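Sequential numbering from 1 along the given sequence is applied to the chain's residues. Just so we're clear, the structure is a prediction, and the values are computed from it rather than from any experiment.
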Amino acid sequence: MILIRILIALLGGALAAYTFYSALMTFVVPRSASNFLSGAVFRTVRFGFDRIAGRLPTYEQRDSLMSVYAPLSLLLLVPFWLLLIALGFSLIYWALGITPWREAFIASGSSLLTLGYASFDNLGFHLFSFGEAVIGLVLVAMLIAYLPTMYSAFSQRETAVAMLEVRAGWPPTAPELIWRLHGMESDASDKRRFWESWETWFTEIDESHTSLAALVFFRSPRAGQSWVAAAGVVLDAAALQVSAVDEPFLVHPSLAMRAGILTLRHIADFFKVSYNPDPHFPQDPIGVTRAEFNAAYERLSDQGVPMKADRDLAWRNFAGWRVNYDSVLAALAHLTMAPDVSWLSEFTFAPPDSDSGETAGQLKKAS
């Protein structure tokens, strides 16, 4: 019986220790580190949300529902951890002689929540009780300290996502972004600053969305906006700029694109999303068709953007860039339930109709 009690105590200690380790890795350790318990909570809650979202008729309704998913899952982590801690210490108290199991669990809950109404004349109980109370307080304190950090990173991310509408239209598209960069910013230094800002944005996303993984599922304040969609627009615009626009070569679009590719891949690695690390077009397909590329090419040409004469070469170069992030982008869009929009040319530019008195062109839904 003594051996059984020792084994039960070790089992309870291991459960409590692993649970505290899970909280530590989630809330404190500033690096990419997934763990089973946190993942189990998020996967379980996501299962229920997916079942409900699948019955909703519109994307706006699904987006509204999914906006609750990440905050709810995050808040459920602490009660889940507290329950496991209570169960672990219940085993320890039972091994110390506090019986039956019901009394051991009540004693554990009283200590963990610092209620103090359950007490036993046992030195071992008091020592473990003090430790359990400290663990309970630390878990709650970690969540309180964690939330401001997370929402600060969320705010920084969403500022850039919202500002993209100014330069890339609504919904944002890569051709619209290229056009505005060309027509509204003739100074090359302005363009460099734009690409540098997105290189920095991708780098910050890489750090925050792997160390604070719940941020991946926090949705934008406005339905239809998404950090994944914004990343796709900027990456496509950079690929278009480098491959098809006939302007003096700027290194910054390439650097921003490289930063974006690495960021998406690192986040995919965290969530164990499989992808080809060394893809090649046309052996590996991409989600943009030649017809979509041609539509974007012609639209930009009609708007006065200087385009490279060899369209076939431009297409091959564009596809050669996009294949590096195409599958990862699609996987993260599915994972986060991003808006269902075309990445390149869902909207096309219609020149002004001078016969009807129009003085400016406008974006119209592509047929």
Side-chain angles (χ1 to χ4, degrees), residues 26-27 32 34 37-81 140 142-166 168-173 201-202 204-234 260 263-264 267-268 270-273 328-343 346:
T26 301
F27 286 160
S32 174
S34 60
L37 294 182
S38 298
V41 172
F42 274 82
R43 285 190 295 270
T44 301
V45 177
R46 179 62 180 264
F47 179 82
F49 271 74
D50 283 345
R51 292 299 176 272
I52 300 173
R55 300 177 181 179
L56 298 178
T58 66
Y59 175 78
E60 288 73 16
Q61 291 174 326
R62 294 191 294 273
D63 179 79
S64 178
L65 173 69
M66 295 305 296
S67 66
V68 183
Y69 161 63
L72 178 62
S73 300
L74 190 63
L75 292 177
L76 287 177
L77 282 176
V78 171
F80 179 64
W81 286 328
V140 175
M142 283 195 296
L143 177 62
I144 294 174
Y146 181 78
L147 291 178
T149 302
M150 170 167 286
Y151 277 96
S152 175
F154 172 79
S155 177
Q156 293 177 1
R157 183 191 81 184
E158 291 303 314
T159 297
V161 173
M163 289 180 63
L164 188 63
E165 181 180 350
V166 176
W170 180 261
T173 61
W201 184 84
F202 279 121
E204 291 173 347
I205 291 293
D206 191 352
E207 185 276 329
S208 62
H209 285 51
T210 52
S211 59
L212 306 172
L215 271 174
V216 171
F217 302 101
F218 272 68
R219 307 185 74 81
S220 298
R222 180 179 177 185
Q225 284 182 338
S226 164
W227 72 268
V228 179
V233 169
V234 173
T263 293
L264 296 183
I267 295 174
F270 181 88
F271 290 99
K272 297 179 173 57
V273 174
V328 179
L329 189 65
L332 292 179
H334 175 75
L335 180 68
T336 60
M337 203 178 289
D340 185 17
V341 298
S342 171
W343 293 117
E346 182 181 357

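Within the 4.5 Å cutoff, the side chain of Val328 has no heavy atoms near those of the Ile267 side chain. Side-chain contact check for Phe218 versus Tyr151: some heavy-atom pair is nearer than 4.5 Å. Residues Pro221 and Phe154 are in side-chain contact: their nearest non-hydrogen atoms beyond the backbone lie under 4.5 Å apart.
Rounded to the nearest 0.5 Å, atoms CZ (Phe27) and OG (Ser211) are 13.0 Å apart.
Residue pairs meeting the side-chain hydrogen bond (donor to acceptor under 3.5 Å, both in side chains) criterion with at least one partner in residues 47-56, sequence neighbours excluded, are Arg46-Asp50. Note on residues 148-161: no pairs pass salt bridge (Lys or Arg N to Asp or Glu O under 4.0 Å), not counting sequence neighbours.
When the ring pair (Phe, Tyr, Trp, His ring centres under 6.0 Å) test is applied to Phe202, no partner is found at least two apart in sequence or on another chain. Remark: Leu75 pairs with Leu143 by the side chain to side chain contact (heavy atoms under 4.5 Å, CB included) rule, at least two apart or across chains. Legend: residues meeting side chain to side chain contact (heavy atoms under 4.5 Å, CB included) with Glu165, ordered by chain and number and at least two apart, are Trp170, Arg222, Gln225. Thr58 is linked by a side chain to side chain contact (heavy atoms under 4.5 Å, CB included) to Glu60, Gln61, counting only residues two or more places apart in sequence or in another chain. Listed by chain and number, the residues in a side-chain hydrogen bond (donor to acceptor under 3.5 Å, both in side chains) with Trp81 are Ser22 (sequence neighbours excluded). Looking at residues two or more places apart in sequence or on another chain, you find a ring pair (Phe, Tyr, Trp, His ring centres under 6.0 Å) between Tyr69 and Phe49, Phe217. With sequence neighbours excluded, no residue forms a ring pair (Phe, Tyr, Trp, His ring centres under 6.0 Å) with Phe42. Shown here are the side chain to side chain contact (heavy atoms under 4.5 Å, CB included) partners of Val273, two or more places apart in sequence or in another chain: Ala268, Phe271, Ala331. Partners of Asp206 under the salt bridge (charged side-chain N to carboxylate O under 4.0 Å, His left out) rule, at least two apart in sequence or in another chain, do not exist in this structure. By the salt bridge (charged side-chain N to carboxylate O under 4.0 Å, His left out) test, Glu204 pairs with no residue at all, sequence neighbours left out.
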